Structure formats: structure tokens, C-alpha cells
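The structure presented is a predicted model; accordingly, all values stated were derived computationally and were not measured. Atoms within a ligand are numbered from 1 in the order they appear, just like the ligands themselves.
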Amino acid sequence: MSFIPYRDLLAEMAPLADEIDQAVYSVLRRNRFILGPELESFEKEWSTYCGVRHAIGVGSGLSAIEILLKAYGIGPGDEVIVPAYTFIGTWLGVTSVGAIPVAVDVDKRTSNIDPGAAEAAVTNRTAAILLVHLFGCPAPVASLREVAARYGILLLEDACQAHGASVGKKRCGSLADGAAFSFYPTKNLGALGDAGAVTVDSDEIASKVRTLRNYGFGPGNRIIETGTNSRLDEIQAAVLRVKLRHLDANNEIRRKVAFSYLHALEGTDFTVPETPNDAEPVWHIFSIRHPDRDAVRTGLKRHGVETRVYYGEPPHESRIYAQIIKSRKLPITNELAETSLALPCHPAMCDRAPFIVRSLLAITGN
Ligand SMILES: *Cc1c(COP(=O)(O)O)cnc(C)c1O
């Protein structure tokens, strides 16, 4: 029996191996490893791709969130509204600058933050809404922007799963007051280690982010902020430049896989994700729902298909947040945590989707 892994990074990398080898060797020969020409070029290319004035490379996605919040002066005493159904990193970015994550529930159809719930959570301490383009599907940015404008608060993007996704003609990362990207190896644009970026239009915030990622050094090599060490290194930047050239093609393959799932699972016991009309997702994660999720998962495993669960323990269920939000009701997040199942969906598996669908239908007797 053949085994279908959830991801296969080696197979995804194979067509790019020569280009990546060359890129890495050219950095080694140049003998410049931090804050050099590869990073400068990548920052230009990534900002152009996203359609923003500035992209600033940092050490990880979590670090991008922290530094973006810090650059906007968000810290102790501030509340930041976050979706309950997300990766722990979204919340930790808020917590680690000393601010309070205020969890709101999500829309059952898209799994994305619910703008009505976000508005209901605004208080006079709210500094920002940190939306997440969950699973690579753009969040309802237009409604969230209205909420943010109404209360005079910031709207920030956790775009760590949404490289290349768009709303209308605008890419994720350019849709609000600033965005955080992760280039963790499994993301749609992934490095060969940890890496991330902040994208932003404001010259002032961009300059603050540059200062904060590099100890706090400002012009004239003087310390002007309490910064940190969070820089995207030259080798990772060189790798990302190669992989960026293939991002659109790879997203297109993911789209084909996703469409074949969507088409084949229509009218079955499985609930498939809905996409808003003006949104173009990039299917970082293709997650379906079934009331008997664990049985389906075991059944697929017997057919040789590896799956994942996002997110079985949402942040509010973890012990570190138990105290803060015990009182808040998050029924949809809890339901999604119990019923969601992510199927393999990546650029190296185009022809395996029909087999996976047949297995799903066989398991449930559809
Ligand atoms: C991956 C991810 C992060 C964190 O990125 P790292 O590079 O692992 O620090 C944050 N938020 C979301 C939604 C993510 O998917």
C-alpha cells in the first residue's frame, strides 16, 4: 500500500534543488551573512510582490508579530482582539509585548474571525484587531476595516499562512495597517529554517521595525530603542528569493488540489470551507469537517493517508491562557477544534487527491 504523507518537503523542493544550491553557495562565497545584499533584495522583491512600500525581514513569524506591535507602541495595558481559532503564535505575539489577547469567536463557514464578534469585544483599552488569514483564506478585511475605523483602532494582519492570497486586486500583507509573515519551512513560502517579515506602508513604522529587529540601532549606529536580535539571515534570504519565483506556480497547484477536493466532496457528509466572493485563498491548509472526525482520521490512516488536526487545542484551552478568558464563550471555535481535519494539500501531490477522496467516501459509506 502506498503512503501519502501530509507534506513532503523533499519532493516539493526537488525541482528547485539546483537553484537553491547555487543561491546558498553564492552567499558562502560572498562571506557576508547578516544584513547584507540578499536580504536587501529579498525585502524589495517581497514588498513589490505584496504591493506595500516596505518589507522588513525578521527572525520568525512570532517575532514579526511582536516587533510590529511594539513598533506601533502596543504594550502593557493594551488589549488586542484576536480570533480564538488560530495558531498559538498569534496570541503569544500579543502576550509577549505585555498586551492582553482578547479572544473572539469565528465564522463557521470560513473559520475566520467574525467581524461582529470583534466589534462586540472593543473596549476603551482596545489598541488593535489582529486578524488572521486562517489556512490561507483572506479574513473579511472590509468589515474589519470599518470596525477599526469606527473605534479609531489599528487593524493588523497575521498573514503567516497567506503568502500570495488576495482580496480583489490586493494581496494579503497590504490590506491593513501592517502585517506579519512567517517563512517557517512548511509555509507556502518557506525558508530552510526560521524566518519572517513585517510588511507596512508607513515609512515611520518601517524604520522602527528596522531598528527594533537589530538591537535598537538607529541612524549613526546609536541605540534609540530597546530592541532585540531578530534578523533574517543572508542564506535564508537567498533561498527565499529562489522560492519566491515559484510561489505563484505552487499556489496554483494547491488551488487545483483544493478545487478537486471541493468538487468531489460536494453533497457528502463532509463540510468543506467556504470562500468569500472577492477572496482568492492560497490553501496553506485544506481543512474539512466531520462530526466523527477522529474515526475518519483513523480510517484514512488505514488507507495510508496522513492527516493533521488544526487546531485541536486552541489557545484558550491551553493552560497558559486558562485564567484570562475562562468566562468567554467560544462555541464555534470549540466545535471546529473537535471536527476539523486537514487533508494533504501541497505542490507535490497533484494526482493523489482523487485517491484521498475515494478513501474518505469509502470510510463514511457515502
Ligand atoms: C506559523 C504561524 C505563526 C508563527 O510563525 P513562526 O515563524 O513559526 O514563528 C504565527 N501565526 C500563524 C497563524 C502561523 O501559522
Side-chain angles (χ1 to χ4, degrees), residues 6-7 9 42 46 55-70 80-97 99 101 103-104 106 110-113 128-139 141 144 156-165 172-173 175-176 178-199 209 213 228-233 236-237 239-240 243 251 254 273 281-287 308-316 318 320-321 333 336-337 340 342 345-346:
Y6 179 73
R7 284 293 292 273
L9 291 185
F42 174 68
W46 187 239
I56 305 101
V58 297
S60 71
L62 174 57
S63 190
I65 297 170
E66 289 169 11
I67 291 177
L68 176 62
L69 295 174
K70 246 183 132 178
V80 176
I81 294 171
V82 292
Y85 189 56
T86 183
F87 178 58
I88 188 84
T90 310
W91 288 41
L92 275 181
V94 175
T95 303
S96 65
V97 300
V104 301
V106 294
T110 61
S111 305
N112 258 323
I113 185 166
I129 300 172
L130 176 57
L131 63 79
V132 180
H133 303 297
L134 198 77
F135 300 161
C137 181
V141 175
L144 291 167
L156 304 172
E157 303 171 71
D158 178 339
C160 290
Q161 302 185 351
H163 314 76
C172 291
L175 300 171
F181 282 96
S182 163
F183 305 118
Y184 183 78
T186 60
K187 309 288 185 181
N188 289 35
L189 179 61
L192 301 182
D194 278 314
V198 170
T199 55
V209 170
R213 76 168 170 188
T228 185
N229 177 358
S230 179
R231 302 168 302 209
L232 199 171
D233 71 68
Q236 299 307 338
V239 169
L240 287 167
K243 293 183 90 181
N251 280 345
R254 286 173 182 273
V282 289
W283 304 105
H284 172 60
I285 288 169
F286 189 92
S287 193
R308 298 264 168 91
V309 168
Y310 299 97
Y311 293 93
E313 186 188 76
H316 71 276
S318 72
I320 62 167
Y321 290 117
T333 295
L336 294 179
S340 292
C345 181
H346 58 79

Polar pairs, ligand 1 vs protein, N/O only, below 3.5 Å.
from: ligand 1; atom 1: 5 (O); to: S182; atom 2: OG; distance (Å): 3.2
from: ligand 1; atom 1: 7 (O); to: G61; atom 2: N; distance (Å): 2.8
from: ligand 1; atom 1: 7 (O); to: S182; atom 2: OG; distance (Å): 2.6
from: ligand 1; atom 1: 9 (O); to: G61; atom 2: N; distance (Å): 3.3
from: ligand 1; atom 1: 9 (O); to: L62; atom 2: N; distance (Å): 2.8
from: ligand 1; atom 1: 11 (N); to: D158; atom 2: OD1; distance (Å): 3.4
from: ligand 1; atom 1: 11 (N); to: D158; atom 2: OD2; distance (Å): 2.8
from: ligand 1; atom 1: 15 (O); to: Q161; atom 2: NE2; distance (Å): 2.9
from: ligand 1; atom 1: 15 (O); to: K187; atom 2: NZ; distance (Å): 2.7

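- Applying the side-chain contact (heavy atoms from CB on, under 4.5 Å) criterion to T333, with sequence neighbours excluded, gives A84, Y85, D105, V106, P314, H316, L330.
- In the model, S96 has a side-chain atom that pairs as donor or acceptor with a side-chain atom of E66 under 3.5 Å.
- Other residues, nucleotides and ligands contribute more than 12 heavy atoms inside 6.0 Å of the CZ atom of F286.
- The backbone N or O of G190 sits less than 3.5 Å from a side-chain atom of K243, completing a donor-acceptor pair.
- Residues S60 and D194 have side chains that never bring a donor and an acceptor to within less than 3.5 angstrom of each other.
- In the model, Y321 has a side-chain atom that pairs as donor or acceptor with a side-chain atom of T95 under 3.5 Å.
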